[in-house]
Amino acid sequence: RDGEDRMLRTAAKRANEGPEFRARLETLVRDADTGIVALGTETAARTIPATIRFAMPPDHLRNERPAVELVPDRRVVRFDRFFTFHAGESGDSVRFETGQESMGTRRFLAIASHALLCGETGGLLVLDELDASLHPHLARRLVEMFHSPAYNATGAQLLSTTQDASLLDGALLRRDQIVFSEKSFA
C-alpha cells in the first residue's frame, strides 16, 4: 500500500500542475467502469508528531515527496492527493477520499496514472504482480494502454509479472512479448 500511496501522491502532484493530465486520467478511469465520474486534487498538510519526528532520520524528512516545510517546533509534510466523485442517487456528485475506494480502484488509479506519465516521456514502467487486487478487465486495460497511440505515443514500455493467464491472449500480446520463468531454489 505504501508504494501505491507514493504513486498516487506523485500523480496527484502532476494532475495539480497540469489540468490536461488530470482530464486524460479522469477519462481513462471513467471509461474503465470504476464508477468514478470525476477526479479532484488538493494539496494537504500533515504535522509529523514529535515522537515520530525524533525517531526518523532528517534525510527521510528532506526526501519526503513532494515537499516538507519547517515550522517552528514541528515539521509539516505537504503533499498532493486525489479525491473521487461518484454519481449520487439524486444525480449529484458524491465526494470520496481515495481511502474509501476499493483496493483495486486505488491500484488501478495509481498504475494508470504512471502509465500515462510513462506514455508522455517514453519511459519504462516496471510492476510486480500487475494483476494483484485488480479485476482482470482492469489489468487488461492497463496492458492495452501501452499498445494505444492515444495513451502511448512515445513508445513507453511495460515490464511486469503476472499470474493472470488471460493476459497471455494472442490478441493482446505478441509471442515475443511474453517470457515464462520459474523460481529456482538451487
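Computation of the quantities below employed the complete heavy-atom set of this structure, encompassing side-chain atoms and omitting hydrogens, waters and symmetry-equivalent molecules.
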Using side-chain heavy atoms (C-beta onward) and a distance below 4.5 Å, is [X] in contact with [Y]?
| X | Y | result |
| --- | --- | --- |
| R81 | R9 | no |
| L39 | F83 | no |
| V94 | F85 | no |
| R140 | D169 | yes |
| I111 | L138 | no |
| K13 | T10 | no |
| L109 | E101 | no |
| L142 | L134 | yes |

Does one hydrophobic cluster hold both [X] and [Y], with members joined at side-chain heavy-atom distances below 4.5 Å?
| X | Y | value |
| --- | --- | --- |
| F96 | V29 | no |
| F108 | V37 | no |
| L159 | L172 | no |
| L127 | L116 | yes |
| M103 | M7 | no |

Exercise for the section: Show your working on side chain to side chain contact (heavy atoms under 4.5 Å, CB included) between T154 and T121 and close with a plain yes or no. Expected result: CA-CA 6 Å; T154 60; T121 62; 5.9 Å; no
Practice task
For T41 and D80, test the side chains for any donor-to-acceptor distance below 3.5 angstrom and give the result as yes or no.
Solution key: no
Practice task
Check the side chains of T162 and D164 for a donor-acceptor pair under 3.5 angstrom, ignoring hydrogens and angles.
Solution key: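 There is no such pair (donor and acceptor under 3.5 Å, judged by atom type) between the side chains of D164 and T162.
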Once rounded to the nearest 0.5 Å, what's the spacing between atom [atom1] of [X] and atom [atom2] of [Y]?
| X | Y | atom1 | atom2 | result |
| --- | --- | --- | --- | --- |
| Q157 | C118 | CD | SG | 10.0 Å |
| M145 | L125 | CE | CG | 9.0 Å |
| E129 | S160 | CD | OG | 7.5 Å |
| H135 | T34 | NE2 | OG1 | 12.5 Å |

Problem - Criterion side chain to side chain contact (heavy atoms under 4.5 Å, CB included) on I36 and H86, from CA distance to verdict - result: CA-CA 5 Å; I36 295 171; H86 291 261; 3.7 Å; yes
Which atom pair, heavy atoms only, marks the closest approach of [X] to [Y]?
| X | Y | result |
| --- | --- | --- |
| A156 | F146 | O-CD2, 3.6 Å |
| F82 | A15 | CE2-CB, 4.0 Å |
| F21 | A11 | CE2-O, 3.7 Å |
| A132 | R107 | O-NE, 2.7 Å |
| G155 | N152 | N-OD1, 3.2 Å |
| R106 | T98 | CD-O, 3.0 Å |

[X]/[Y] ion pair, N-O < 4.0 Å:
| X | Y | value |
| --- | --- | --- |
| E20 | R24 | no |
| E120 | R14 | yes |
| E42 | R95 | yes |

Problem - Verdict with supporting geometry, H147 and Q177, side chain to side chain contact (heavy atoms under 4.5 Å, CB included) - result: CA-CA 12 Å; H147 293 289; Q177 294 175 311; 3.5 Å; yes
Completion exercise
Residues at least two apart in sequence or cross-chain that pass side chain to side chain contact (heavy atoms under 4.5 Å, CB included) with I178, listed by chain then number, are L168, L173, F180
Exercise for the section: Show your reasoning for whether side chain to side chain contact (heavy atoms under 4.5 Å, CB included) applies to T84 and Q100. Expected result: CA-CA 9 Å; T84 61; Q100 293 174 294; over 6 Å; no
